[in-house]
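One structure is given here, and the rest of the page talks about it.
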Amino acid sequence: MTAVLIANRGEIAVRVVAACRRLGLTPVVAVSDADRDSLAAQLADRAICVGPAPAPSSYLRAELMVEAALATGATLLHPGYGFLSEQPALAEACEDNGIAFVGPRPDSLRAVGDKASARAVAEKAGVPVAPGAVVLDETSAVRAAREIGFPLLVKAVHGGGGRGITLVRDESELVKVLPVAAAEAQAGFGNGALYLERFYAAARHVEVQVFGDGEGGVAVLGERDCSVQRRHQKLIEECPAPGLSLATRDLLRTSAARLVEQLRYRGAGTVEFVLDTESTADPQTIVFLEMNARIQVEHPVTEEAYGVDLVAAQLRLALGEPHGLPDDPPEPAVHVLECRLNAEDPYAGFRPAPGRITRVTFPRGPGIRIESHVYEGYLLPPYYDSLLGKVIVRARNRVEAIDAMLAAVRATEINGVTTTAPLHEFVLAHPDFRASAVETRWLDTVWPPASASGTVSKGHAA
Amino acid sequence: MTAVLIANRGEIAVRVVAACRRLGLTPVVAVSDADRDSLAAQLADRAICVGPAPAPSSYLRAELMVEAALATGATLLHPGYGFLSEQPALAEACEDNGIAFVGPRPDSLRAVGDKASARAVAEKAGVPVAPGAVVLDETSAVRAAREIGFPLLVKAVHGGGGRGITLVRDESELVKVLPVAAAEAQAGFGNGALYLERFYAAARHVEVQVFGDGEGGVAVLGERDCSVQRRHQKLIEECPAPGLSLATRDLLRTSAARLVEQLRYRGAGTVEFVLDTESTADPQTIVFLEMNARIQVEHPVTEEAYGVDLVAAQLRLALGEPHGLPDDPPEPAVHVLECRLNAEDPYAGFRPAPGRITRVTFPRGPGIRIESHVYEGYLLPPYYDSLLGKVIVRARNRVEAIDAMLAAVRATEINGVTTTAPLHEFVLAHPDFRASAVETRWLDTVWPPASASGTVSKGHAA
Amino acid sequence: MAAANPTSSPEQDLPTWAEIAELVAKLDAGTFADVDLQMPGFRLRMSTTPDAFTEQAPAARPRASAEPPVPTAAPAPAAAPVPTDAPEPTATATPRPHSATLSSDLVEITAPILGTFYSKPSPDVEPFVEVGSTVAADTTVAIVEVMKLMNPVSANTSGRVVEVVASDGDLVEFGQVLFRVAPDVAPDEVTR
Amino acid sequence: MAAANPTSSPEQDLPTWAEIAELVAKLDAGTFADVDLQMPGFRLRMSTTPDAFTEQAPAARPRASAEPPVPTAAPAPAAAPVPTDAPEPTATATPRPHSATLSSDLVEITAPILGTFYSKPSPDVEPFVEVGSTVAADTTVAIVEVMKLMNPVSANTSGRVVEVVASDGDLVEFGQVLFRVAPDVAPDEVTR
């Protein structure tokens, strides 16, 4: 039996275990000291403890993961998402030790690993990019800004996950922000390099799921809309992305495919775009945002829409087999939504609320899929992210899917921690969201609702 | 809030709870004394104990179910399948007490409730029926048999679920069988009436999922193949039914629709057909078998194929709303399988094996749906059927679905009881099944496999 | 855009680890025996005394125990399987282990069926039995009405009624306690 | 992403962390025996007396405790949180409550990291320690190799080695017991 070392935790580790089961592979999960009792550890054939709870001492140490793979005889290593998943060092260490890294080649990871090089690759592949420039000092920044126009975004070149981004409205603001942003980038990402980029005030986040065979071949599995965001953190995703013209879809897909071909990209990836909703042309204006060289949190919406198993396809490819995905699948006749339930208090600035889960009831029924690692009695550790699980719902059209999701969220019971369920119920019931896709800044304009925050303030004073 | 009394148990009670949650209805489950701790009782808003464990004192007493609905303020009653689901008496008692029965009108139940009247209705609606006749005595039986031809089936007119059926090869066998069959029919079904019917030696069981609006309108949701049977008990079902020509499908669907229109049928129903695989015409020969006037065990394969919620549609219709199903949906681009896992020993004549479930692990992942009422610590009571749960798998085509189902069954762990999982693994891996649809008598020719039964006999003797 | 950020998010108002460590170092250098600091989403408790903050130990393993949940009002399970062809309701009168501490010698008469409880055959007459009444096994003690059908309830035990638990018009579920009876002492129990 | 703007938070009246730290320092420098400071959303209790807060008031909010789960073979939780920016492994040497019945006075030295255990710096030389060896906190007792990188393991306790649990070449997981040590008796424990 071929063993797979799962170098991750939480729901994605559980998901990889499931994909291993589908293919008859032996899942081995690398755990930190805090995750010895995790669901993934229970479901896998074996768990191996690599280090203490803090991620920098365990889940972020490539050498421990490779050691764990070697020690358990695993010949594949699946990095999940986050943590080491996009670190060329891990992919390289795997290569050096005869372990198949379930992800892109190290050179691909490097090529898309920071904004500047990713942008360069995109431009080379003929993918539309936003007006923007890397800036070295105030002089070059001001000159570049005048060309790009205000408002614009100041980004850390090595930032990610929505962090290290500042909106600047005019030149005086830019001059003030530059040194602060550079210092923060240095502190947060170990590199003070900054990048200026045109800011689209009315934008949607639309991304394309791609899967490369490593030899230039590419399967394109439609678009996801992930515009329901709070401070660049996705909360609700859907597939297909609603309301796009055929020409816009085609532009998105061919752009994404070109990037994959250019990189001779291997495995699952996502090409993210900003869609300018103020553009009235057909196709609408899209600009390349970044490429995520890994499986994503929201991959199940694509799986449910297209009837595929992306993680199994990753493993198949790493095994040297055909990935088995259709290159150009028919358009799905269904609509799929995903809600991320986090252990956070949506009425109190989304403050993380780790704790012990005292009761869990997930919804059941047709079209409902749950991806989660929590169970009754589980102590959500304070060391990692606050994702409790994902509710994925598939129905015949968007309205039915929204209704089904609303019912599913209401039927979800996770006691012992505060969850973001009220936010999801609010969005799913909101006329703006129900009418069509919203813009990425929409959520911040409607949440928290005035009445709710008032109530909560009183509650805290009491 | 509108409350729904669920007059059933097991996985279908859990399924109806889920549909209630989807629609925001309040589920109340009627339980026998043995089911006070059932999963449905835990998931519902309320459980009400109607009687002792034996079904004749609880789940088969219509007056207790109506009393329970009245006592709990439920204005809908869902009968599930089996038990009272097709009893006109319950539907009538609901009508008399102002409770909406989630099922067909009493007259529809009567019309299709026994083979003779069902056949009459089918003939009237222009649905193909097998040559056959009700027989009153030996003389009429022999006369009818000569017309129908041997081999033929002797059936109890009031039988059901595959019971009360005898295969007869020639006239002398018929004469011997008649009095025995009549006595058995009298004992088993309270009525000794018999029916002779042409026997198709090489037959498939193909059924059409229909949904009537009660006013003559009908939604037809494709076919299911349920030919993997053991003594007329379905074990594996799939949708779409493989290998049917367009003309055959069309004949099946229009026949089923005509029956629904004829009855002005209300709600979910299944029209079952025998498909003669020896017929080389196009369309192939099909004959009406029976109509099941209720939701069926295998309804999830249709739900997964078409992206619908049949149980929610039942409830909507009973609430006086449109059922919301598409009348003529596009052909599904997926293939769906269902395996019924029973607590039976497949190596020992499928002897029921009730007991306490010590551990349950169900498979996870894209395209996998589980319908089950068992949980760790659950004592499977000896009073009822042995269904532990259903594994439903959806994939892009039949081969992928079979592979995914094989992995799913292997990843299913239900400890504490003996299950039929080995049988499912055997069938899913069998070249005959993988190549195409099998015939209804196929399973009995290959199971138990010679080697396995030898091994197990030893095991049992030890 | 990275969704799951494994390291702690900077967007909370909570102290960083470094700040906590600094605080802890300060406290540790001080003279305090106990410290209990609570803020929303954060709590710090320190003590120089072992077991100062003993709390309920968390369950060792998250998995459910094999025992089913204790039903709220279940009768003791019968040892022998009940024949399935006996649809006639019969009252059950069983010693109830879980009430043993309260009334160790009492026998409960429970509802043989779901329905409406009536203590008397018609509104104007005396109840079948009252507290103090003596009953035999075949004494009718009540009626449970199901859909206009009156089901007499037999005592199925002999003794003296000490409590009437159900009230007229109550919905009673199967197995629900209707009466408590002090049983006649059986000859073989005298010697106890 | 920038830190949450405190003015948008309903807890805007809470003291900042720096203010709390300053307060603690002030109190610590003072002569107070007990401090119990409560504000909406905030509570600080300090005492120089052991067991001052034994009444175990529930947390003001039903939030989870900050305690990590009890792992099957983890070191006992330290009072001070572990800083997340310290990836360097350090051996943990802690009294292990769950093994108290077996060897109540022994301290375990556990693997600070996953890797291959070596008792000696190279094959031809003596082991770092053997049964009977005396160790101090900074004594190197073994090496754990991770991907050709040799990580020395310090005893982090002082005493006498009574058992060498791991063998050369063993894969050891984080937290796995390598040695058992009979600790030096601390002066304040003599009087027990």
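Reminder, nothing fancy here: chain letters follow the sequence lines and each chain counts from 1. We use all heavy atoms of the structure for the numbers below, so side chains are in, but hydrogens, waters and symmetry mates are not.
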Among residues 13-20 of chain B, residues within the sub-4.5 Å heavy-atom range of chain A, in order of number, are V14(B), R15(B), A18(B)
Output for pair (C339(A) SG, L406(A) CG), nearest 0.5 Å, gives 9.0 Å
Check this for me: does any side-chain nitrogen of one of E298(B) and R340(B) sit under 4.0 Å from a carboxylate oxygen of the other? yes
Heaviest contributor of heavy-atom pairs below 4.5 Å to chain A, chosen from G307(B), G367(B), A395(B), is G307(B)
Honestly, the part of R21(A) sitting under 4.5 Å from a heavy atom of chain B is both
Cut-off 4.5 Å, heavy atoms of chain A, and the answer for L43(B) is side chain
query = Should V28(A) and V4(A) count as side-chain neighbours, where that means a heavy-atom distance under 4.5 Å?
reply = no
Distance col, row H373(A):NE2 vs S38(A):OG, nearest 0.5 angstrom, shows 8.5 Å
Okay, S372(A) and chain B: the region with an atom under 4.5 Å from a heavy atom over there is backbone
Look at D403(A) together with R434(A) and state whether they make a salt bridge at an N to O cut-off of under 4.0 Å.
-> yes
CD1 (I357(B)) and CZ (R359(B)) are apart, to the nearest 0.5 Å, by 13.0 Å
What I want to find out is whether R253(B) reaches E223(B) closely enough, with some N-O distance under 4.0 Å, to be called a salt bridge. yes
Greatest number of non-hydrogen atom pairs under 4.5 angstrom with chain B, of A408(A), P366(A), A404(A), A407(A), falls to P366(A)
Sorted by chain and residue number, the side chain to side chain contact (heavy atoms under 4.5 Å, CB included) partners of T270(A) (sequence neighbours excluded) come out as E207(A), Q209(A), R224(A), E272(A), N292(A), Q296(A)
By residue number, those in residues 310-337 of chain A with heavy atoms under 4.5 Å from heavy atoms of chain B are G324(A), P326(A)
Test salt bridge (charged side-chain N to carboxylate O under 4.0 Å, His left out), reference R394(A), set E304(A), E338(A), E400(A), output is E304(A)
- Side-chain heavy-atom pair D309(A), R22(A) within 4.5 angstrom cut-off: yes
Okay, E413(A) and chain B: the region with an atom under 4.5 Å from a heavy atom over there is neither
Given the rule in the side-chain contact (heavy atoms from CB on, under 4.5 Å) test, do M1(A) and L25(A) qualify, once you have shown the distances and angles that lead to the verdict?
CA-CA 6 Å; M1(A) 292 270 283; L25(A) 305 172; over 6 Å; no
Sorted by chain and residue number, the side-chain hydrogen bond (donor to acceptor under 3.5 Å, both in side chains) partners of E11(A) (sequence neighbours excluded) come out as Y81(A), K390(A)
